[in-house]
Amino acid sequence: MTAEYLPHLKGWLEDAGAAKVACDVKSALLALGRLGIDARGFEHDVMLYAFLLDADPSGCALEEQARRRLDVQLGPAPEQHADITLELWKQLAPAVEARGMAKLYAEIELPLAPVLARMERAGVRIDTSELRRLSELMEGQIARLTSQIHGIAGRTFNISSPQQLGEVLFDELNLPAPVKYGKGKTRSTAADVLEELAADHEIVRQVLEYRQLTKLKGTYVDALPALLEPRTGRLHTSFNQTGAATGRLSSSNPNLQNIPIRTELGREIRAAFVPQEGWKLLVADYSQIELRLLAHMSDDARLVEAFRDGEDIHTRTASEVLGVPPLMVTPEARRDAKAVNFGIVYGISAFGLAAQLGISRGEAEKYIKNYFARYAGVRRFIDATIEEVRRTGVTRTLFGRERPIPEINSRNPNARGFAERTAVNSPLQGTAADLIKLAMVRIDAALEAGAYQSAMLLQVHDELVFECPPEEVEAVSKLVKREMEGACQLNVPLVVDVGVGDNWRDAK
DNA sequence: CTGGAAAGCGCC
DNA sequence: AAAGGGCGCTTTCCAG
């Protein structure tokens, strides 16, 4: 079997007889696309094989794999890239098969690569004049806050420097210093610390507002327009299919998976994401995906029942934990229950829950105790999951994706605790990632089969964003909902909310 | 001047 | 003893 290589692709494309092999199919497709070549039929992606085997985002690129598995230092020669790619393919493809991940590879990861390539090439349109307006508005607010903060401090200083801010607040104005310390013994000025002081101190409230404005202006409002592709006038992110150990995608240059939504100002920024003239944006997101997967994987009777009955899950948890009927659950109780539900998924401690809810550690312990008394299946699931990871050393998703957890039997209690939380969270986060990836592949195929013009643009973990001509909106809404909800059969229903609008904010 | 660590914070 | 899982980006600060 001889390797053919294309020097202008730096060895990306190797044709090994009948089997088309690349070290990175998505990059190969994008590079070929720029040359006007519509390539199809790649069967083997060495980087994806490596990622399935190691779940190590920093170690699955060709150079690192060549070093680790073949003890070869990769040079610039395309011939070497081609040879190494084939050598690794021969080793990794059978290993993926042997570990039971051939189906995950063939039905999800490999077919996803061309979908991501098309999403990146499509890009997303931004209303730059809207962002310019916001930028000027925010500039004025920041200037006002800066002079007010300096006024109260009695001197000028760099408000963006945590070090200088700490000196002003805790040494000069003698505000109560936080218990929380950074690694270098610096007193923390993080938002949760400042919020403790905000009620009593005007300057702290202004610093928090200053932080929000400078963060959003610097990271989004001013940064995004600079990244527009001149040729398309659109924003083209990169989706990294090997970017997160759990199996999630990541997004960079720019990261379009962390566009603001929480605050009103943030939502203004999101409203600047718009469809091409005359088209619509369509947003579809899985409702409570990780908690539904917790219900399925734990088979907890109450959790399963709650989702089957279509109940509001946080209200139900509040009702269970407090022992009151759902109609008597106050908004505050629901908020607390929501924190408990997320805490379960993340492996929170009583200490952490207490800090977040502003209650005593004893109160938090009661909440957690009550939770597990009512959701005994969840307790069993968590214990069984940790036990299995102790035995096997890996977590596994519903679709068979593995993640090594080497520290699970560490004698260091800190490292072991971290590993145990990771062991519980990874199957949930990872299965959710598998599920939406599968949905993306199904939707892409269905759009292709129906010859729709609508395009998938973005994925944000439990949400997909599409751009649709108005006459397709209705049909594509149904298609997307059907393919997402039908991606997999669980003990509980999968629910997808679909919205349509003239920008990303209003479509949600 | 550059690179990296640390702090902080945006999202799910 | 630490104390919530997964990311990427910006700014500050400091060492080389």
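Each chain gets a letter, A, B and so on, in the order its sequence line appears, and its residues count up from 1.
With C1' as the reference atom, B/dG8 and C/dA1 are 24 Å apart, rounded to whole Å. On the C1' atoms, B/dA5 is 23 Å away from C/dA3, given to the nearest whole Å.
Residues from residues 142-176 of chain A lying near DNA chain C, meaning a heavy-atom separation below 4.0 Å, are A/Asn158, A/Ser160, A/Ser161, A/Gln163, A/Gln164 in numerical order. Taking every heavy atom of residues 241-259 of chain A and every atom of DNA chain C, pairs under 4.0 Å involve A/Gly243, A/Ala244, A/Ala245, A/Thr246, A/Arg248, A/Ser250, A/Ser251, A/Ser252, A/Asn253, A/Asn255, by number. At a non-hydrogen distance threshold of 4.0 Å, A/Arg211, A/Lys215, A/Leu216, A/Tyr220 from residues 200-224 of chain A come into contact with DNA chain B. Using a 4.0 Å cutoff on non-hydrogen atoms, no part of residues 52-64 of chain A comes near DNA chain C.
Among the heavy atoms of the strands, none lies under 4.0 Å from A/Ser426. Residue contacts shown for A/Val460 are limited to sugar-phosphate atoms, with no base heavy atom under 4.0 Å away. Residue-level contact check: A/Arg403 touches the backbone only, with heavy atoms under 4.0 Å from sugar-phosphate atoms and none from bases. Residue A/Gly352 is in sugar-phosphate contact alone, with no base atom involved, counting any heavy-atom pair closer than 4.0 Å across all strands shown. Residue A/Ala433 is out of contact with every strand shown, counting any heavy-atom pair closer than 4.0 Å.
Remark: the A/Ser238 side chain and the A/Asn240 side chain contain no N/O donor-acceptor pair separated by less than 3.5 Å. Between A/Ser161 and A/Asn158, the side chains place no donor N or O within less than 3.5 Å of an acceptor N or O (distance only, hydrogens not considered). Remark: the A/Ser135 side chain and the A/Asp222 side chain contain an N/O donor-acceptor pair separated by less than 3.5 Å.
Aromatic ring pairs are classed by plane angle as parallel below 30°, tilted from 30° to 60° and perpendicular above 60°; the pair A/Trp504 and A/Phe273 is perpendicular.
Shown here for A/Ile152 and A/Leu173, the closest heavy-atom pair between the two residues is O-CD2, 4.0 Å. For A/Arg187 against A/Asp171, the heavy-atom pair with the smallest separation is NH1-OD1, 2.9 Å. Of all the heavy atoms in A/Ala284 and A/Val496, the pair that sits closest is CB-CG1, 4.0 Å. Here the closest non-hydrogen pair linking A/Arg211 and A/Ala191 is NH1-N, 4.3 Å. Across all non-hydrogen atoms, the minimal contact from A/Gln241 to A/Phe51 is O-CE2, 3.6 Å. Heavy atoms only, all atoms of each residue included: A/Ala153 and A/Ile203 are closest at N-CD1, 4.2 Å.
The distance between atom CG of A/Asp285 and atom P of B/dC11, rounded to the nearest whole Å, is 15 Å. The separation between A/Phe51 atom CZ and C/dG6 atom P is 13 Å, rounded to whole Å. The distance from atom CD1 of A/Ile348 to atom C1' of C/dA2 is 13 Å, rounded to the nearest whole Å. Remark: P of B/dA7 and CG of A/Leu194 are 15 Å apart, rounded to the nearest angstrom. Rounded to whole Å, the distance from CG on A/Asp192 to P on B/dA7 is 14 Å. Computed from coordinates, the A/Phe418 CZ to C/dA2 P distance equals 14 Å when rounded to whole Å. When rounded to the nearest whole Å, the span between CD of A/Glu463 and P of C/dG6 equals 22 Å. Look at CD1 on A/Ile289: it is 16 Å from C1' on C/dG6, rounded to the nearest Å.
Other residues, nucleotides and ligands contribute at most 12 non-hydrogen atoms within 6.0 Å of the CD atom of A/Glu196. No more than 12 heavy atoms of other residues, nucleotides or ligands shown are found within 6.0 angstrom of CZ on A/Arg380. Annotation for A/Arg155: atom CZ counts as buried by contact number, over 12 foreign heavy atoms lying within 6.0 Å.
A salt bridge links A/Glu363 to A/Lys366: one of the charged nitrogens lies within less than 4.0 Å of a carboxylate oxygen.
Between the side chain of A/Thr219 and the backbone N or O of A/Leu216, no donor-acceptor pair lies under 3.5 Å. Using modelled atom types, one side-chain atom of A/Arg205 and one backbone atom of A/Ala198 make a donor-acceptor pair closer than 3.5 Å.
Listed by first residue number, the stems of DNA chain C with at least three Watson-Crick or G-U pairs below 3.5 Å are B:1-12 with C:5-16.
When distances run from any side-chain atom of A/Arg421 to the nucleotides C/dA3, B/dC11, C/dG6, the shortest one goes to C/dA3. Of the candidates C/dG5, C/dA3, B/dG8, C/dG5 carries the atom nearest the A/Tyr346 side chain, counting heavy atoms from C-beta on.
Not a single side-chain hydrogen bond (donor to acceptor under 3.5 Å, both in side chains) links A/Lys369 to another residue, sequence neighbours left out.
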